[in-house]
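Since the structure comes first, as structure tokens, the remarks are kept for the end.
Per chain, numbering begins at 1; letters A, B, ... match sequence-line order. Computed from a prediction, not measured in an experiment: that's the story for all the values here.
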There are 2 protein chains.
Amino acid sequence: MSNEFSLGSVQVASTPLERFEEYLQSKGKRFTQQRRILIEQVFSHHDHFDADDLLALLAERVGSRTVSRPTVYRGLAELVEAGLLRKMVLGGRSVYEHDYGYPSHDHLHCTECNDLIEFHSEQLEAIRDAVAREHGFRVGSHRLIISGICQACQEKRRRKKSRLDRI
Amino acid sequence: MSNEFSLGSVQVASTPLERFEEYLQSKGKRFTQQRRILIEQVFSHHDHFDADDLLALLAERVGSRTVSRPTVYRGLAELVEAGLLRKMVLGGRSVYEHDYGYPSHDHLHCTECNDLIEFHSEQLEAIRDAVAREHGFRVGSHRLIISGICQACQEKRRRKKSRLDRI
DNA sequence: TTTCATGCAAAATGTTTGCACACGA
DNA sequence: TCGTGTGCAAACATTTTGCATGAAA
């Protein structure tokens with residue numbers, strides 16, 4: 001897929017781990033076992049997750065020490081502050097995704113299966129800046145979530161419906 | 001103000017109260033004192049509010065019976081379900097605003113004074129629909145919040161800064 | 001006179017905090 | 001060693017729920 005709304009890519013000089021170490025250093029914080037486990041787990045694959053998802057994944061990692069709930073929350077806050085993760089609130093819980101080294105984007109949110117589909121739009125950013133200029137507003141960030149039903153769930157519904165119709 | 005991003009207006013046949021009564025009727029629900037007080041308070045003026053704001057306003061209404069916290073929450077949910085209010089989550093709490101009879105819009109959110117500035121953009125809706133079409137996604141709604149610092153707060157900062165500079 | 005609605009208190013949810021102990025630099 | 005980080009338990013803030021009582025229709 002490479003069209004108007006596809007995500008580009010971002011070049012970064014250092015790995016998330018390296019960047020996190022720099023951040024910790026700059027703040028006089030220590031690079032502990034828990035912080036290492038957290039960043040390894042979080043950047044082992046790209047997806048959207050909340051604190052509970054992360055806790056569950058960590059619990060599966062047999063052998064290695066686990067990370068407690070408070071430390072997971074504290075760690076996520078640090079990763080956001082370090083610019084490595086981006087946080088959004090969806091249905092009353094905080095959902096995180098990669099930020100560092102990942103192109104800026106917005107989301108389609110399927111209210112049926114809870115899936116998040118990413119897209120990017122330059123035009124959207126242009127509108128954002130135009131609206132802000134109009135109001136003398138200094139933009140920090142923006143968040144657009146389009147809610148609805150994804151293609152897969154629409155098809156699921158259609159199948160279910162035609163099955164009912166046949167009875 | 002009447003430009004690209006200003007809000008139009010919406011014509012509606014009935015008042016919020018009338019519409020609420022219809023909704024209650026259709027659901028076999030009763031038009032109680034509490035529901036009357038709630039809708040009167042909520043539609044007495046246009047702004048953004050959360051459950052606590054509403055509870056505080058209700059507490060000020062001397063004389064008239066007050067409405068309990070659970071009933072306020074239940075009532076707000078009903079008003080959203082009835083299409084009278086729109087709900088959004090901002091900083092961990094639910095914020096409500098008029099929906100019925102009020103034009104669709106998005107928000108600039110000042111992270112300094114917490115103010116919400118409304119704007120409308122046809123272009124944004126066009127982008128939303130184009131992205132959705134691209135993904136075979138059926139749009140239910142969307143929510144765009146642009147976070148940053150409003151003009152007034154920027155000026156406040158500037159004044160504070162120059163005051164410090166003079167020392 | 002039958003439901004449905006309310007208020008109270010308690011529970012649930014997601015997240016944060018105080019504190020004693022553990023550990024990285 | 002020193003001071004930061006951790007885990008535990010408890011606190012927290014917001015919202016929801018069970019249930020006995022109260023009030024619409």
Side-chain angles (χ1 to χ4, degrees), chain A residues 17-18 20-42 48-59 61 64-82 85-97 114, chain B residues 17 20-42 48-59 61 64-82 85-96 114:
Chain A
L17 177 68
E18 286 164 351
F20 191 37
E21 286 182 310
E22 273 169 41
Y23 165 81
L24 293 174
Q25 190 115 82
S26 76
K27 295 279 180 180
K29 295 180 164 190
R30 292 166 183 173
F31 187 60
T32 61
Q33 288 302 309
Q34 287 83 343
R35 285 183 174 129
R36 189 181 50 71
I37 294 169
L38 281 179
I39 197 154
E40 278 177 13
Q41 179 60 54
V42 163
H48 302 86
F49 63 95
D50 64 19
D52 272 329
D53 295 334
L54 180 50
L55 238 6
L57 286 169
L58 291 169
R61 293 166 60 114
S64 72
R65 179 192 321 206
T66 184
V67 181
S68 72
R69 183 171 287 274
T71 298
V72 162
Y73 276 103
R74 287 186 276 234
L76 287 171
E78 273 174 2
L79 292 174
V80 169
E81 152 118 19
L85 289 184
R86 176 196 300 243
K87 173 179 170 174
M88 77 186 117
V89 177
L90 218 67
R93 54 208 308 144
S94 297
V95 176
Y96 300 83
E97 64 179 359
N114 227 28
Chain B
L17 178 68
F20 191 38
E21 287 182 309
E22 273 169 41
Y23 164 81
L24 292 174
Q25 190 116 82
S26 75
K27 295 279 180 177
K29 295 180 166 192
R30 293 165 184 174
F31 187 60
T32 60
Q33 288 302 308
Q34 287 82 345
R35 285 184 174 129
R36 188 181 51 71
I37 293 170
L38 281 180
I39 197 154
E40 277 177 14
Q41 178 59 53
V42 163
H48 301 87
F49 63 95
D50 63 19
D52 272 329
D53 295 334
L54 180 50
L55 239 5
L57 286 169
L58 291 169
R61 293 166 61 114
S64 71
R65 179 193 321 207
T66 185
V67 181
S68 72
R69 183 171 287 274
T71 298
V72 163
Y73 277 102
R74 287 186 276 234
L76 287 171
E78 272 174 3
L79 292 174
V80 169
E81 152 119 18
L85 289 183
R86 177 194 298 244
K87 173 178 170 175
M88 77 186 115
V89 177
L90 219 68
R93 54 208 308 145
S94 297
V95 177
Y96 300 84
N114 227 29

Without decimals, in angstroms, what is the distance between [X] [atom1] and [N] [atom2]?
| X | N | atom1 | atom2 | answer |
| --- | --- | --- | --- | --- |
| B/Q25 | C/dC4 | CD | P | 15 Å |
| A/I37 | C/dG24 | CD1 | P | 11 Å |
| B/R36 | C/dC4 | CZ | C1' | 18 Å |
| B/K27 | D/dA25 | NZ | P | 18 Å |
| A/L54 | C/dT15 | CG | C1' | 14 Å |
| A/R93 | D/dT14 | CZ | P | 19 Å |
| A/Y73 | C/dG14 | OH | P | 8 Å |
| B/L76 | D/dT14 | CG | P | 14 Å |

Which pair of non-hydrogen atoms, one from B/D53 and one from B/H48, has the smallest distance, and what is that distance?
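B/D53 and B/H48 have their closest heavy atoms at OD2-O, 4.4 Å.
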
Nucleotide by nucleotide, nucleotides 5-12 of chain C touches protein heavy atoms under 4.0 Å in the pattern (B base, S sugar-phosphate only, - none) SSBBB---

- Tell me whether the OP1 or OP2 atom of D/dT14 has a side-chain N or O from B/S94 closer than 4.0 Å. no

Quiz: residues 24-31 of chain B side-chain donor-acceptor pairs under 3.5 angstrom, not counting sequence neighbours:
unit_1	atom_1	unit_2	atom_2	d
B/S26	OG	B/Y23	O	2.7
B/K27	NZ	B/E81	OE2	3.3
B/K29	NZ	B/E78	OE2	3.3

Quick check: on DNA chain D, is the nucleotide nearest B/D52 upstream (toward 5') of the one nearest B/F31, or the reverse? Name the residue that is more 5'.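 Its nearest nucleotide lies further toward 5', so the answer is B/D52.
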
Sequence neighbours excluded and cut-off under 3.5 Å, please list the side-chain donor-acceptor pairs for residues 88-95 of chain A, or say none.
unit_1	atom_1	unit_2	atom_2	d
A/R93	NE	A/D50	OD2	2.8
A/R93	NH2	A/D50	OD2	3.4
A/R93	NH2	A/D52	OD2	3.2

Report task. Could you check B/E40 against B/R61 for salt bridge (Lys or Arg N to Asp or Glu O under 4.0 Å), going step by step and ending with a plain yes or no? Result -> CA-CA 12 Å; B/E40 277 177 14; B/R61 293 166 61 114; 3.8 Å; yes

message = Please report the interatomic distance CZ(A/F49) to CG(A/L55), rounded to the nearest 0.5 Å.
response =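 Answer for the CZ-CG pair, A/F49 versus A/L55, is 11.5 Å.
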
When rounded to the nearest 0.5 Å, the distance separating OG1 of B/T71 from CD of B/Q33 is 13.0 Å

